[in-house]
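Inspection log for the structure reproduced underneath, given as structure tokens.
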There are 2 protein chains.
Amino acid sequence: MIEPDDTDRAILRALARDAGQSAGALGRRLGLSQPATWRRIRRLQEAGVITGRVLDLDKEKLGFGVTVFLGVKLATKGRISLEDFERAVTAIPEVQTVEHVLGMYDYRLRVTARDLADFERVLRRRLMTLPGVGNVEANVLLSEERRPGPLG
Amino acid sequence: MIEPDDTDRAILRALARDAGQSAGALGRRLGLSQPATWRRIRRLQEAGVITGRVLDLDKEKLGFGVTVFLGVKLATKGRISLEDFERAVTAIPEVQTVEHVLGMYDYRLRVTARDLADFERVLRRRLMTLPGVGNVEANVLLSEERRPGPLG
DNA sequence: TGTGAAAAAGTCGCGAG
DNA sequence: CTCGCGACTTTTTCACA
């Protein structure tokens, strides 16, 4: 575990809001020179704290208006079963996120489809036929708000 | 809804993998000139398809080793109740994501804490006291894999 | 759309605190 | 060990064909 100081935290906080801003503008706001700011960002990258920059896309405008969360309970839970399930679910392009969890479900999936008819197709032909699936529960996404998190 | 062509989709696909790469390098790979690539990116931004660039952080290295998903069922579901709940939950810094969903639960929350003891504190003092909460179900995150999604 | 150029940002080395 | 300064490189951004 790494120990970023307050300045690093301020940088992460700012970049978490908008990763597109320049190190110079950020440094000016923090009273730091551009190279110093840039060096800290790179240090955070090399330390593995920043693992990457990702695009935030409006999926509705791309024609994917339906997002469904699936809670999956496996029927058989040997090690082979877990690996089989993960390999099979990873091959489904509509699955955006695979979360292995502890609790009422074994896996939680985030699935994106063009519409409900498209989702039904994915559900019936790909998801329900996944190896080892016991019970499946679905929640349709109405709206979502992402927040900075504890370090923000 | 927007109609991006194949080139736009290739750009989005590439940027979804790594939003940090330059328009020039991307254009070279796609056989497009640098300004043309950049103009397409900016057009996608202005069209609202690209809503932002976000940092991908390793929360464990920042001392937040525990992520828990909460499924929340409200006891009372009037419009006022929803707004009260959303306002209260948004004020909790440990809550990273608030998803309003349809199904077995009314809301799904992604909560980050330093460890299980810290999570218990948040759960007892902040989450269980949220207005209108009926039933709460928790899943502890073991591992997570994000995939490019349908357009990737 | 491509080409070429200006402006801005990123990158590295050096000396100071 | 980190900062700031200056030079150098790359990228972004714009004007024009």
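Below, chains carry the letters A, B, ... as their sequence lines are ordered, and counting in each starts from 1. Only a predicted model underlies this, so the values are computations on that prediction, with no experimental measurement involved.
No continuous path of hydrophobic side-chain contacts links Val98(B) to Leu102(B) [ILVMFWY only; heavy atoms under 4.5 Å].
With distances taken from any side-chain atom of Arg43(A) to the nucleotides dT2(D), dC12(C), dT13(D), the minimum falls on dT2(D). Distance from the side chain of Arg42(A) is smallest to dC12(C) among dG2(C), dC12(C), dC3(D). In the set dG2(C), dC12(C), dC3(D), the nucleotide with an atom closest to the side chain of Leu32(B) is dG2(C).
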Chi angles and distances behind the side-chain contact (heavy atoms from CB on, under 4.5 Å) call for Leu57(B), Ile50(A): CA-CA 5 Å; Leu57(B) 296 177; Ile50(A) 300 175; 3.9 Å; yes
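When the P atom of dT1(C) is taken as reference, atom CD1 of Ile41(B) falls 12 Å away, rounded to whole Å. Rounded to an integer number of Å, the gap from CG of Leu30(A) to P of dC3(D) is 11 Å.
Distance check, rounded to the nearest 0.5 Å: CG of Asp118(A) to CZ of Arg121(A) gives 4.5 Å. For the atom pair CD1 of Ile92(B) and CG of Leu109(B), the computed distance is 8.0 Å after rounding to the nearest 0.5 Å. With values rounded to the nearest 0.5 angstrom, Met128(A) atom CE is found 10.0 Å from Leu130(A) atom CG. Atoms CG and CZ, on Asn139(B) and Phe69(B) in that order, are 8.5 Å from each other to the nearest 0.5 Å. Here Arg28(B) contributes atom CZ and Ser22(B) contributes atom OG; the two are 6.5 Å apart, rounded to the nearest 0.5 Å.
Just one of Arg147(B), Arg110(B), Arg146(B), Arg108(B) meets the salt bridge (Lys or Arg N to Asp or Glu O under 4.0 Å) condition when paired with Glu99(A); it is Arg110(B).
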Dot-bracket encoding per residue of DNA chain C, Watson-Crick/G-U cut-off under 3.5 Å, | denoting interstrand: |||||.|||||||||||
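Between Glu83(B) and Arg79(B), none of the side-chain N atoms (NZ, or NE/NH1/NH2) sits under 4.0 Å from a carboxylate O, so this pair counts as no salt bridge.
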Enumerate the protein-to-nucleotides 14-17 of chain C contacts in which both atoms are nitrogen or oxygen and the separation is below 3.5 Å.
none

If you restrict it to nitrogen or oxygen atoms, what contacts under 3.5 Å exist between nucleotides 7-10 of chain C and the protein, and what is each distance?
unit_1	atom_1	unit_2	atom_2	d
dG10(C)	OP1	Ala23(A)	N	3.2
dG10(C)	OP2	Ala23(A)	N	3.1
dG10(C)	OP2	Gly24(A)	N	3.4
dG10(C)	OP2	Gln34(A)	NE2	3.4
dG10(C)	N7	Gln34(A)	OE1	3.2
dG10(C)	N7	Gln34(A)	NE2	3.3

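For Leu142(A), the CG atom counts as densely surrounded, since its 6.0 Å shell holds more than 12 non-hydrogen atoms of other residues, nucleotides or ligands.
By the 6.0 Å and 45° rule, Arg114(A) stacks over the aromatic ring of Phe64(A).
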